[in-house]
Amino acid sequence: MTTEQTTRRHPMRWIPTLYFAQGLPFYAVALVAGLMYKSMGMPNDQIARWTGLIGAAWVFKSLWSPLLELASSKKSVVVIFQLIGGVSLGLVALSLQLPMYFAVSIALLAVVAFASATHDIACDGLYMASLSNKQQAAYAGWQGAFFNAARFFSLGGLVYLAGYLEKHMDPAHAWMIIFGILSVMLIVLALYNLWALPGTKNAPMETSLKGAFWILKDVIIDFFQKPGIWIAIIFIILFRAGEGQVQTIGPLFLREAKELGGLGLTTDEVGIVYGTAGTIAFLTGSVLGGYFTSWLGLKRALPYLIIAMNLPILVFVFLSSSLPDNLGIITAALCIEMFGYGFGFVGIILFIMQVVAVGKYQTAHYALGSGIMQLGFIIFKMISGDIQIALGYKNFFIWALISAVPVLILSRFLKIKDEQKVAEIA
């Protein structure tokens, strides 16, 4: 296993910028791009299918994770791929002026996804190598909070700005500005992180490409030999079944015209209610979910986290049934849903980190586990558009709520040792 020596820095000096930079390209691909394509006239099924497909980079990132063990420093990998992601986002902005903008921008977003997924491996490895188990639990809420602060910035501030710009120029130029801002932000963060991240010196297990592939083989074999791994894999895939669909269709539902079953909000209104107020609720839920799990322990907290994450989907059932015009009611409903989502999402992160990834290949196994988590998200994301078109919005949200039931049942069969609970905040 790679041994590391880290330069000691207070975690709050680098966790915020590290995970904000992790979140920016992710949300650019997963959410912001969808709203952009909606403004430019693309149908829901095409949006969900293609943005879901390019998200496969996060699924398969574990396949090249051993190659990162050859790097002399995880910090260097983090900074390099932040820069690559920033430049690629800038190219996405320029591509929106081309006649074949959809194909070209999707291809460039795939590059963004690959760079971001590779960055995530080193990012999470740096987090685990620099912090004790107790610190990992204590800062898990902050980790998720700042990752999703990127959601606040992107889906809130930038989408609101996009809505304002759409009133003064055509959508292509409006969204070119938005992706240009994303590009500049990620490059600036990379330069800051070059200074702020804790320094690491790795002792690579192998120094050749052939050796790295042998490591990959051993990583995969060791992963699938873990006791109870298949139940854990099914649990991870199903954990985001409801949320993956709602987080894809929810913003499109808000934008959809009233006569088509949506709420008919403008782009800037979506930025206010979903990206701003909703994201604040999410961040609050993330932090409280981390401390709740640290207090109660993962084993006992997990069922409550699953319920908290999925039960608030009921607010979308309410919104799609009543189609309220009052922006205050819509905002309050979405805040409830996003608070629950943030509170519960901590559960899957800590389950992978504290249960699935333990062992001599902690970084690589965490990458495998988080890749499986993303696989579940992508599977349900890619089919969500077709299901919504077939069922309509109201029945779709009912289906999303029902699809969350199996993971709650499966949680009763997980083997989580008492000593793996996160019982204390460092």
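In what follows, residues are counted from 1 in the order of the sequence shown.
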Euclidean distance, I330 CD1 relative to L254 CG, rounded to 0.5 Å = 7.5 Å
Measuring from I181:CD1 to L89:CG, what's the distance to the nearest 0.5 Å?
->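 If I round to the nearest 0.5 Å, the distance is 12.0 Å.
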N/O donor to acceptor pairs below 3.5 angstrom from side-chain atoms of residues 184-193, sequence neighbours left out:
unit_1 : atom_1 : unit_2 : atom_2 : d
Y192   : OH     : R13    : O      : 3.2
N193   : OD1    : T17    : OG1    : 2.6
N193   : ND2    : Q82    : OE1    : 3.2
N193   : ND2    : L189   : O      : 3.2

May I ask you to test the [X]-[Y] pair for a side-chain heavy-atom distance under 4.5 Å?
| X | Y | result |
| --- | --- | --- |
| E337 | Q247 | yes |
| V356 | F223 | yes |
| Y160 | T276 | no |
| L288 | Y291 | no |
| F397 | F253 | yes |
| L31 | V159 | no |
| N44 | E256 | yes |

For the residue pair [X] and [Y], does the interplanar ring angle fall in the parallel (under 30°), tilted (30 to 60°) or perpendicular (over 60°) class?
| X | Y | answer |
| --- | --- | --- |
| Y341 | F345 | perpendicular |
| F343 | F292 | tilted |
| Y37 | F102 | perpendicular |

Would a line drawn from the ring center of F20 to the ring center of F146 be shorter than 6.0 Å?
-> no
L91: side-chain contact (heavy atoms from CB on, under 4.5 Å) partners, not counting sequence neighbours |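 By the side-chain contact (heavy atoms from CB on, under 4.5 Å) rule, L91 matches L94, L108.
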